[in-house]
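One structure is given below, encoded as structure tokens.
Model, not experiment: these values are computed from the prediction.
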Amino acid sequence: MVDINEIRKRAQQASERAAESMRKTFEKSEELVQKIEVPSSEEEDSVSAAEVEAQINANTERQVEILGQIFGADSMAQMAANEDLLQKMVQEQVDAAAASAAGNIMEQMFGEDMGVLAAALEMLGMEDAGDAEELTFDLELEESLYTTLEETMARLEAMPEPEPVPYQKNDEKWERFGILLSGIISTLNDHDLHGMDVEEHVPVMEQKIVSLVRRSWGIDGRSDLLDMIRYLAQEGYILRYQLYSEAASPEELMDEDMDEDDRESARRAWRFAQRYKGQYAPGFMAGWDVGRAAMLARWGCYLGWITESEAVGILWDLSHRAAEELHSWREFAQSYLFGGLMWKLLCGDSSAGSYLGYIADAAADLLAGKAAQNGGQWRDCPWPAQRKIGFA
């Protein structure tokens, strides 16, 4: 159980140790962050202590970010020791709160179904980060997951979709198409799909997204972001699936430094690739790679790590890559399911069946728009017809 009084006491002590020169700036930044109210499904007088504390933590972190924008490099260097101390104390408070009351805080802040949020958070994780807990995997479970994959892909194949249409080289539809490549993750996270920004620019949402990108992808700024997008666009799971398909045995994919868990992961992924290599070529993984890269580009733009013009250029390249390899939004979604299962097999996560269901539900909403107010975006933006694409 989190001791809220103790958290407040420690935060106050950290603030008091900060340099006097920072106080006036904090007062100005507080005027901004105090305007943000913590969302709640109840009236203001029923806001929980955990919710208030979460907002305090988010606001404090936002204040530190604002300092970096106001002060120059020299001033920041002089105050580095004080900022480091404050950040350390804040992080300790955030970690403690997350460990004991994460579910309650998330529910109060976002009011979403927690099952969908859990799947959304899994979507953010990079492919090699599945180390949460050791789960039992066996051949029977693998076969069950293959069946789930095939049934879910067939479900999407049966959905109606407009025929592909020609896109001219400089057609403005390319920009819309590029944004919609992030549709699956955006739908699971309830992001906006009408423009480049994923959310309204308010401190609590900016801090939430930067925290997720840093924690789940290991991306800590512009350089990391561009490196990851480049990896997904040029190698990604297309290359990984190819290597696993071409290997005569899983042992060819192992080295002496791998522990037994990693070796078992390699065996699962090798069996997956061997099962499907005659049906799906490596290029079929394009949707899985491109969809995540598109989401990273939009997140990076929202956080200010790349400019909007850079994000548009990245999405342009990703759009043409997707249109070269795939033929429809349904195939794009099937690719996402396919890559997602290989990732889960590598992670050793036996909840992969539910994960595939969340992806398929998001794709179905994008194709048909049955329940969500903003659904059907893929239906309203037909896939580019390959024969008309110019690649100069």
Aromatic rings [X] and [Y]: how do their planes relate, parallel, tilted or perpendicular, breaks at 30° and 60°?
X: Phe284; Y: Tyr280; answer: parallel
X: Tyr302; Y: His201; answer: parallel
X: Phe272; Y: Tyr146; answer: tilted
X: Phe177; Y: Trp174; answer: perpendicular
X: Trp343; Y: Trp288; answer: tilted

Test side-chain hydrogen bond (donor to acceptor under 3.5 Å, both in side chains) applied to Asp171 and Gln168, Lys173, Lys169, the passing residue = Lys173
Between the main-chain N or O of [Y] and the side-chain N or O of [X], is there a donor-acceptor pair closer than 3.5 Å?
X: Ser328; Y: Glu331; result: yes
X: Trp316; Y: Gly178; result: no
X: Arg321; Y: Ala286; result: no
X: Trp270; Y: Ser245; result: no

Ion pair Arg271/Glu142, N-O distance below 4.0 Å = yes
So does Glu199 have more than 12 non-hydrogen atoms from other groups sitting under 6.0 Å from CD?
->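 Yes, CD of Glu199 has more than 12 neighbouring heavy atoms, counting only those of other groups under 6.0 Å.
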Assess whether atom CD of Glu260 is packed by more than 12 heavy atoms of other residues, nucleotides or ligands within 6.0 Å.
-> yes
Asp224: what forms a side chain to side chain donor-acceptor pair (under 3.5 Å) with it, not counting sequence neighbours?
->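 Not a single residue meets the side chain to side chain donor-acceptor pair (under 3.5 Å) criterion with Asp224.
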Residue list, side chain to side chain donor-acceptor pair (under 3.5 Å) with Glu310, at least two apart or on another chain |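 Residues passing side chain to side chain donor-acceptor pair (under 3.5 Å) with Glu310: Arg222, Thr307.
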May I have the step-by-step check of salt bridge (Lys or Arg N to Asp or Glu O under 4.0 Å) for Asp361 and Arg155, ending in yes or no?
-> CA-CA 10 Å; Asp361 288 345; Arg155 168 190 163 194; 2.8 Å; yes
